[in-house]
Amino acid sequence: MGVGGNFWDLLKPYARNEGFDFLRNKRVAIDLSFWIVQHNNVIKTHVNKPHLRLTFFRTINLFSKFGAFPVFVVDGTPSPLKSQARIARFFRSSGIELTSLPVPGGGVSAERNSSFSKCVQECVELAKLLGIPVLKAKGEAEALCAQLNNEDHVYACIAPDSDAFLFGAKCIIKSFAPNSKEPFECYNMSDIEAGLGLKRKHLIAISLLVGNDHDLSGVQGIGLDSALRFVQAFSEDDVLNRLHEIGKGNAFQIPIDIKSEDNVDIDGSSPNTKQPHCSFCGHPGSKKDHTKFSCEFCVTDNHESCLKKPEGFKCDCISCGMNRKHKEQKKMENWHTRICDKIAKEPNFPKDEIIDMYLCNDNGYFSANDGPQISWEQPKVELLIGFLNFHQHWDPSYIRRIMFPMMSTIFLREMATTTTDNLLFGQFEFDSLKRVKTRYGYQSYVVKWKRVMGNVASKTPSNQSGTQQDAMDLELDETVDLHLLDDCDFPETCEEGGCSFLLTDENMDLIGAAFPEEVKRFWQEQELKESKRKKNPTSRSQENETSSTSSLNSKGVQLNITEFFPTTKSKHNPKHGEESSSKKDDSPDSGGSKMKRKSSSPNIPKSVRRRLLFD
């Protein structure tokens, strides 16, 4: 949840939708508990261990498709306040009174239930087999994610709770959708500061007023809008100190931003003293004087009388302006006093342990001087296959095919730094670039990976069994529910010249760094093909005619929509279809209409045929 009162709606105008390359070659910290909870809530079908399934797919997507370096963070021991808030939230949703709930004592906290802890442990084991680093927080995972982001150990953090900003995060990815042109919904603290004038301590003050994960209620009678207006009147260094003073019942000091700087006397008079105004025209002066001659604000042709004031007229003289400012100031001061009264009535406000927890910069098991030990390793493929085969009952060939984009990314990164003779998966080598693919406005190379049958045995680990070796053909298991794969890209297969190839979509910069000569050769071939097309426009038109003719011969003439639906209906209601078809055959008009449809020439342009069929 994070900060209460629909806090994300307040930040929504300052969200940025980032593209595919937003996390390219950047580190990102992930609250693993968020993924597990999200997976279990989203998937409603009977899926075996969805937390493992989608953690596996999302990790591969982040690593291969988006080019990120993920770091998983798991929760430690929750604070007593967080444990009490969980209990209170549960009983509140159940409609049970909270007066009889036990309050956790000092240092005592409630661990998460055993089933959830088991899910976390399985995902941690999966991440380590994939070679992804896993860090454990002392308390909340989002607190450690925010600290890593604040100290520039990671570029951003993926966390659902808005209180990650309170822990010091600078960039939060609230959600991401792989099947989108702009997959990342990103929030930057710099944009929030520029738009709302709020900094970290301002956000902490708002959470204390409206409620948070550690204190659900906050201050009674104060909503998000009131809390926002209240904290904006103070500076960041002063806002928490003012809350302490107000909470102790000290004198309610009016902030400088609420006090009017124009609260000065005019010609020695008080702002409350308003000059007499004419009831007819509404301008300064008496009505008796304005009946003889028009005032300086009313200009008439004969200069004998003023103009009648319109409905809703407001005088713009200095006296009226100061009077309105004085009323607004009193209104703001009264509102501020009411807010302070509500805060003063709240017992033990604000809670220092919540403030200290948000401002703490020691949320992980590492020293400030050394920093966290974050490193990525090669995936342990065979152990990973055994793990997923045991938990998910997947075939080894299916697992290898899912992992192929991740392994190809690792292979290309190694080739970009050092030349290696190793084969991808022990049997595939880089062959060539097939074409440039554009997806959601993002361009990538389609790479052909050639299967080298003769070198399989030499490049395969000696402990690999014969069954696993036979499964290296990476055939896709068609029984898997593809809609549950979180848009994982599977490599396509093709056969050319008696050789087997796999096709993957790869980042253009990564291919350029790993195989610069192949990229140069590819673009030279493209330029050569383009120049040939420009030199021989007639051959190009002949090719188009041949391709259009072959497509017509292969697909046939487009069917009329009235011919299609009877066939479809006959599958569901054979008797009705037979009767209707027999009636049409017996009718005199049916034969003529069928002859007309069949006599339509395939040389008619497609647009004309569409109009004839559907208009």
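The residues of the chain are indexed from 1 along the displayed sequence.
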Does [Y] offer a backbone N or O that forms a donor-acceptor pair with the side chain of [X] under 3.5 Å?
X	Y	value
Arg200	Phe167	yes
Ser367	Asp370	yes
Ser162	Phe7	no
Gln392	Asn48	yes
Glu182	Glu18	no
Asn149	Cys171	yes
Asn188	Asp191	no
Ser531	Leu528	yes
Asp163	Leu166	no
Asn150	Lys170	no

Do the non-hydrogen side-chain atoms of [X] and [Y] ever get within less than 4.5 Å of each other?
X	Y	result
Val3	Asp161	no
Leu424	Ser408	yes
Tyr445	Val519	yes
Arg439	Lys65	yes
Lys434	Lys437	no
Pro160	Val37	no
Phe501	Glu496	yes
Ile511	Phe522	no

Is the distance from the ring center of [X] to that of [Y] below 6.0 Å?
X	Y	result
Phe425	Trp449	no
Phe430	Phe411	no
Phe22	Tyr155	yes
Phe69	Trp376	yes

Do other residues, nucleotides or ligands put more than 12 heavy atoms under 6.0 Å from [X] [atom1]?
X	atom1	result
Lys128	NZ	no
Lys118	NZ	no
Glu492	CD	no

Nearest atoms (heavy-atom pairs only) where [X] meets [Y]:
X	Y	result
His51	Ile36	CB-CG2, 4.1 Å
Ser180	Phe20	O-CE1, 3.2 Å
Ser207	Asn212	O-ND2, 3.1 Å
Gln147	Asn363	OE1-N, 2.9 Å
Pro405	Thr409	O-OG1, 2.9 Å
Ile172	Ala159	CG2-O, 3.6 Å

[X] and [Y]: side chain donor to acceptor below 3.5 Å:
X	Y	result
Glu185	Tyr187	yes
Tyr442	Asn507	yes
Ser444	Asp505	no
Thr504	Glu506	yes

[X] [atom1] to [Y] [atom2] distance, which is reported to the nearest 0.5 Å:
X	Y	atom1	atom2	answer
Leu144	Lys138	CG	NZ	10.0 Å
Trp35	Thr55	CH2	OG1	6.5 Å
Lys450	Ser500	NZ	OG	10.0 Å
Asp213	Glu142	CG	CD	7.0 Å
Lys520	Glu517	NZ	CD	6.0 Å
Ser64	Met407	OG	CE	12.0 Å

Derivation of the side-chain contact (heavy atoms from CB on, under 4.5 Å) call for Phe66 and Phe184:
CA-CA 10 Å; Phe66 302 117; Phe184 298 102; 3.8 Å; yes
Measure from NZ or CZ of Lys12 to the centre of the six-membered ring of Tyr14 and say whether it is under 6.0 Å with the direction within 45° of the ring axis.
no
Row check, Phe72 ring normal vs Arg27 NZ/CZ: under 6.0 Å, within 45°:
no
Should Leu384 and Leu130 be marked as a side-chain contact (heavy atoms from CB on, under 4.5 Å) after you check the CA-CA gap, both sets of side-chain angles, and the distance that decides it?
CA-CA 7 Å; Leu384 185 61; Leu130 286 169; 3.5 Å; yes
Does the pair Val71 and Ile132 meet the rule for a side-chain contact (heavy atoms from CB on, under 4.5 Å), with working shown?
CA-CA 6 Å; Val71 180; Ile132 307 299; 5.9 Å; no
So Leu503 and Val447, side-chain contact (heavy atoms from CB on, under 4.5 Å) or not? Walk me through it.
CA-CA 5 Å; Leu503 306 180; Val447 179; over 6 Å; no
Do the ring planes of Phe57 and Trp394 sit parallel (below 30°), tilted (30 to 60°) or perpendicular (above 60°)?
parallel
Would you mind checking if Glu382 and Arg400 are paired as a salt bridge, meaning a charged N to carboxylate O distance below 4.0 Å?
yes
